[in-house]
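Have a look at the structure below before the remarks.
Just so you know, these numbers come straight off a predicted model, no measurement behind them.
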Amino acid sequence: MPVDLPPPVVSTVVVEAARLPPSPVDRAFAIVTVDEEAIAASPRLDEALTATPGVQLFRRTSSNASNPTTQGISVRSIAGSGASRALVTLDGVPQNDPFGGWVIWAGLPTIAIEQARIVRGAGAGPYGAGALTGVIQLAERTRVPPHGEYEVYGGERGLLGYQAARALGDLFVTTARETSDGWIPVHEADRTPYDRPLFFNSQSAAVRWAPKIGGKDLAVRLAGYKESRGAGQTGGNSRSVGAQLSATLADTSPGIGTGWRLQGWVKHSDLENRSASRVTGSTTNEQYATPAWGAGFNAALRRDLAEGGWELGADARWAKGESRERFAGGVGKRISGGAQSVAGVYAEGYRNIGPWLLTGGARLDRWSSFDGHRDQFFIAPSSERPEERDGWVPTARAGARRDLGQSYLRGAAYAGFRPPTLNELYRGFFANGVTTRPNADLEPEKLYGAELGAGGEGRLRWSATVFYNRLADAITNVTIDGSTRQRRNAGAVDAWGLEGDLGYEITPALSFGLSGGYTHARVDDGDLRPAQTPELTLAGAATWRPIEPLSLRLSVRHEGSRFEDDQNEDKLDAFTEVGLRADWAVSRAVTLYAQAENLADAEVQTAFSSDVALFDQPRTVRVGVILRP
C-alpha cells in the first residue's frame with residue numbers, strides 16, 4: 001500500500017496540463033490513490049500499481065523481465081489476461097497497445113507520473129471500452145523543481161539507469177534509460193546449455209507543450225519508447241518500439257461551473273518476438289514484425305453545481321495491425337491481422353442531497369472488427385478472410401454514498417465491456433510446446449457487478465469493500481488437447497471478494513499501511529479457478545524517519561498460489577516478497593538512496609517451461625542519487 005515519503009525540500013514550478021478533474025461520480029466507487037512519493041520510491045511504475053492488492057500483471061514476472069505480450073494489467077483478481085482487462089490512461093489518453101492491449105511500462109517512467117487513481121469496478125461513463133475490471137488513471141507531473149530533477153542509479157547484474165524531468169517555459173520534458181544483464185530464470189540444477197539471462201535495455205522520452213490559448217488549456221504531447229529484452233533461451237528475445245502524439249484542449253472550472261475537453265491521439269507500435277526451445281535451442285516462433293496503428297478522439301462537457309451536476313460525452317477508437325511471422329526454420333511465412341473500431345456516447349449525473357451523493361449514468365457503444373486476414377505461405381499456401389463482425393453494447397453504472405463525518409458508506413452497481421484485441425482475433429502462436437490458435441468469432445467480454453463499502457478518513461484511513469462480479473463470455477486460452485489451445489469465449493467467471501485498506505500515522509515520523517484482498521473466482525459455477533488468478537493478496541508498508549535527513553521504507557507483498565492454465569494443472573506456489581529502501585538527504589539538492597528488491601530472495605514462480613519452473617527477479621540491490629539543483 002502506498003505510504004507517503006517526505007516531500008522535496010525545494011521550490012517547484014508548475015507546468016499546466018489540460019485535464020478535467022476526476023468525475024464526482026467516481027466517489028461512489030472503490031478508489032485507491034497512489035501518490036507521487038510512493039511512485040517515486042518504486043523502481044518501476046507497474047510495481048507501484050501492483051502494490052495495491054488485486055491489481056496484477058498477467059503473469060508474475062516484473063516488467064523488467066516479462067515479454068511485452070504478458071504485460072497486460074487487471075484491477076481485480078477475477079481473471080488475468082495478457083490483453084489487459086483494465087483501461088490505462090495518461091491524462092485521458094489510452095496507453096494500451098493497439099494490437100494486443102498490453103502496456104509497455106518502460107514507456108512510462110516513474111519520474112514522469114504525478115499520481116495514479118485506480119477505480120475498481122467496471123468503467124462505464126467516460127471510460128468505455130476496455131475498462132472491464134476498472135480503470136487506472138495516470139496523471140503526468142505538473143510540479144518540478146525549477147532546474148529539473150535527475151536520478152542516476154546502478155546495481156547488481158549490470159543494472160544501470162537514469163531518468164530526468166525538466167520544465168522549460170511551457171515545455172515539460174522527461175527521458176529515461178535502463179539496462180541490465182538480467183538473471184537466468186531457471187534453477188541451476190534444471191538448466192540446459194541453452195538457458196540464458198533475461199537481459200533488458202529500454203529508453204523513453206516525452207515532451208509536453210502546454211500553453212494557455214485564449215484562457216483555455218492546451219496540451220500537445222509527443223512520446224516514444226524503445227526496448228529490447230532476452231527471453232531466457234539462446235535465440236529468444238524481443239524488441240518493441242512505439243510513439244504516441246496527443247492533443248488536448250480543455251476549459252476547466254474548479255468547483256461550481258462548466259468545463260469541457262476535446263482530445264485526440266494517434267499511436268504507432270511495432271514488436272519483434274522470437275522464442276526458442278530450452279531443450280534443443282531451436283527457434284520455435286519468429287514474429288519478426290507487428291506493425292500497428294491506433295487513433296482516437298473523445299469529447300466531454302460537464303456542469304457542476306452545488307446541488308449536483310452532469311456530464312455528456314462521446315469517444316471513438318480505431319486500430320489496425322498485423323503479425324508477420326516465420327516458421328519451420330524460416331521456410332514458412334504467416335501474416336495475420338485486421339482492423340477494429342469502437343465508438344460510444346454516454347450521459348451521467350450526480351445529486352447531492354444533504355449527506356447523500358446519488359449517481360447514475362449509461363452509455364451505448366458500437367464495436368466492429370473487419371479487414372481480417374490470415375495468409376500462410378508454406379508447402380500448400382492458404383488464405384483466410386474472416387467475416388466482418390459488429391454489434392451494440394449498452395452499459396451503465398449507478399451508486400450512492402453517505403457521508404458520516406470522517407467516515408462514509410457507499411454502494412455501486414455497474415456493467416462494462418472489452419472487445420477482443422486484434423491479437424486475440426487473428427494471431428496464433430507456438431510457445432513452450434503448445435500451439436495457441438486465434439478465433440475471429442470472439443465476442444466482447446462483459447462484466448456485471450455490485451459492491452458495498454465503508455471507510456474513514458483522517459489520521460486513521462480505512463476502507464472495506466465486499467463485491468460480486470460476473471464476467472460473461474470470458475476470453476481465455478481453452479485447452480483442446482495436450483498440445484493445442486484456442487482462444488474462446490469460455491463461459492462465465494463468477495467472483496465474489498473482500499478488499500480492505502488501512503493506514504495510520506502514529507507520529508509525524510512514523511506511519512504504516514496495510515491492504516489485502518480475497519477473491520473467490522470460479523468458471524461456470526464449477527471447481528476450476530480462472531488461469532492466472534490468485535485468491536489471496538496482501539501488501540504492507542511502513543515509513544520511519546528516525547532523524548531529519550533519513551527516511552526508511554519497508555514493504556511486504558504476499559500472493560497466494562495461482563494456476564498457469566485453465567485446467568488447474570500447473571500450479572504456481574504462493575510467495576512473500578520484502579523490499580527495503582533508505583533515503584538520505586545530503587542537502588536540499590542531493591538525496592542518496594539504497595534499495596533492495598526481494599530482500600529475502602524469495603522464489604517467485606512465474607511459469608513452467610518443459611515442466612521446469614521459471615522464476616522472477618532474485619534479490620537485487622541498487623544505489624542511486626537524486627539531484628534537484
- [ ] Could you check L245 against V220 for side-chain contact (heavy atoms from CB on, under 4.5 Å), going step by step and ending with a plain yes or no?
- [x] CA-CA 7 Å; L245 175 65; V220 179; 4.2 Å; yes
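Although no hydrogens or angles enter the test, the distance criterion places a donor-acceptor pair under 3.5 Å between the side chain of T133 and the main chain of R85. At least one donor-acceptor pair closer than 3.5 Å links the side chain of R229 to the backbone N or O of S63. No donor-acceptor pair closer than 3.5 Å links the side chain of Q244 to the backbone N or O of Q95. Listed for the S561 side chain is no donor-acceptor partner under 3.5 Å among the backbone atoms of A574. Within the 3.5 Å criterion, the main-chain N or O of D375 finds no donor-acceptor partner in the side chain of K333. S368 places no side-chain N or O within donor-acceptor distance of the main-chain N or O of S341, the cut-off being under 3.5 Å. N439 contributes a side-chain N or O that, together with a main-chain N or O of R487, makes up a donor-acceptor pair within less than 3.5 Å. N273 contributes no side-chain N or O that, together with a main-chain N or O of Q287, makes up a donor-acceptor pair within less than 3.5 Å.
Ring planes of H187 and F615: parallel class, angle under 30° (limits at 30 and 60°).
Among all heavy-atom pairs drawn from L271 and P68, the shortest one is CD1-CG, 3.9 Å. Contact detail for A116 and I39: the closest heavy-atom pair is N-CD1, 4.0 Å.
If you run side-chain hydrogen bond (donor to acceptor under 3.5 Å, both in side chains) between Q617 and each of E577, E597, R157, only E597 comes through.
Geometrically, R581 engages Y593 in a cation-pi contact defined by less than 6.0 Å to the ring centre and at most 45° from the axis.
Donor-acceptor pairing under 3.5 Å is recorded for the side chains of E178 and Y153.
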